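Report on one structure; see the data block that follows.
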Amino acid sequence: LPRFRKGSGKRGGAETRVRLALRTSSLDLTEEGVSLRSLSATGMLAMGPSGSSVLVERLEGSLHSSGTALPVRMDGMAAFQDSIWRLDPVHVEMAASRLAASGEWDPRRGGLREGTLHLAPLVLGEVLPLADVTGVDGTVRGDVDVEGKGGDASASGCLSGTLEGEAID
């Protein structure tokens, strides 16, 4: 652990950067029923007068939910300022699914403020079992814009692909 002498720190508007590395770590989101296991990651934490941000250079591991496990890789920027998380964007790869997410998440208000999800593609039979939905076959590509939270949320988008062998536009 680092040790600091009293009075050895500097005050001012400078930004502090910390390199991060994870090896064989796990993260359990118990309320959501999701866990990330066998994580290895590298990144940079930047803290300054205007807020904090985390640059995830590489994150690899496995995503577990509802008895399903998928390999997952991620990179991107997540900034935290005024209790709001901003994704700018974050790229996620699973076995065959690819997506990019950007937007704002406000944990104090319990939801997404606004965001865009780019699916390139999202393989339904791979991802839906994570939400305990099985037996759905298809692939979806496109963009979805989301705003609001819970029952007040709205989404619009342009999607194409196949669902149970039928083309969707």
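Everything numeric in this text was worked out from a predicted model, so none of it was measured. We number each residue from 1, following the sequence as shown.
Annotation: side chain of Met47 is in contact with side chain of Val18 (closest heavy-atom distance under 4.5 Å). Val34 has its side chain out of reach of His64: every pair of non-hydrogen atoms, C-beta onward, lies at least 4.5 Å apart.
Shown here is Arg19, whose CZ atom has more than 12 heavy atoms of other residues, nucleotides or ligands within 6.0 Å. Dense packing is recorded around CZ of Arg58, with more than 12 heavy atoms of other residues, nucleotides or ligands lying under 6.0 Å away.
Taking CG of Leu122 as the start and CG of Leu117 as the end, the distance is 7.5 Å to the nearest 0.5 Å. Atoms CG and CH2, on Leu87 and Trp105 in that order, are 10.0 Å from each other to the nearest 0.5 Å. The structure places OG of Ser62 at 9.0 Å from CG of Leu70, a figure rounded to the nearest 0.5 Å. Rounded to the nearest 0.5 Å, atoms OG1 (Thr42) and CD (Glu57) are 4.5 Å apart. The CG atom of Leu29 lies 8.0 Å from the OG atom of Ser35; values are rounded to the nearest 0.5 Å.
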side-chain contact (heavy atoms from CB on, under 4.5 Å) between Arg17 and Leu45, intermediate numbers included = CA-CA 6 Å; Arg17 293 176 179 233; Leu45 171 63; over 6 Å; no
Pair Leu124-Leu163, side-chain contact (heavy atoms from CB on, under 4.5 Å): steps then yes or no | CA-CA 8 Å; Leu124 300 176; Leu163 179 61; 3.6 Å; yes
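Residues Leu99 and Leu59 share a single hydrophobic cluster, defined by chaining ILVMFWY side chains whose heavy atoms lie under 4.5 Å apart. Val56 and Leu20 fall within a single hydrophobic cluster, where Ile, Leu, Val, Met, Phe, Trp and Tyr side chains are chained together by heavy-atom contacts under 4.5 Å. Transitive grouping of hydrophobic side chains (ILVMFWY, heavy atoms separated by less than 4.5 Å) brings Trp85 and Val92 into a common cluster.
Legend: salt bridge (charged side-chain N to carboxylate O under 4.0 Å, His left out) pairs involving residues 84-100, not counting sequence neighbours, sorted by first then second residue: Arg73-Glu93, Arg86-Glu104, Glu93-Arg98. Sorted pairs that involve residues 160-169 and meet side chain to side chain donor-acceptor pair (under 3.5 Å), not counting sequence neighbours, are lacking altogether.
The two residues Ser65 and Gly33 have their closest heavy-atom pair at OG-O, 3.2 Å. Across all their heavy atoms, Val54 and Met77 have their closest contact at O-SD, 3.5 Å.
Side chains of Ser97 and Glu126: a donor-acceptor N/O pair is present below 3.5 angstrom, by distance only.
When atom types are taken as modelled, the side chain of Thr24 and the backbone of Ser38 share no donor-acceptor pair closer than 3.5 angstrom.
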Could you list the donor-acceptor pairs under 3.5 angstrom formed between side-chain atoms of residues 127-146 and any protein atom two or more places apart in sequence or on another chain?
| unit_1 | atom_1 | unit_2 | atom_2 | d |
| --- | --- | --- | --- | --- |
| Asp143 | OD1 | His118 | ND1 | 2.6 |
| Asp145 | OD1 | Thr116 | OG1 | 2.7 |

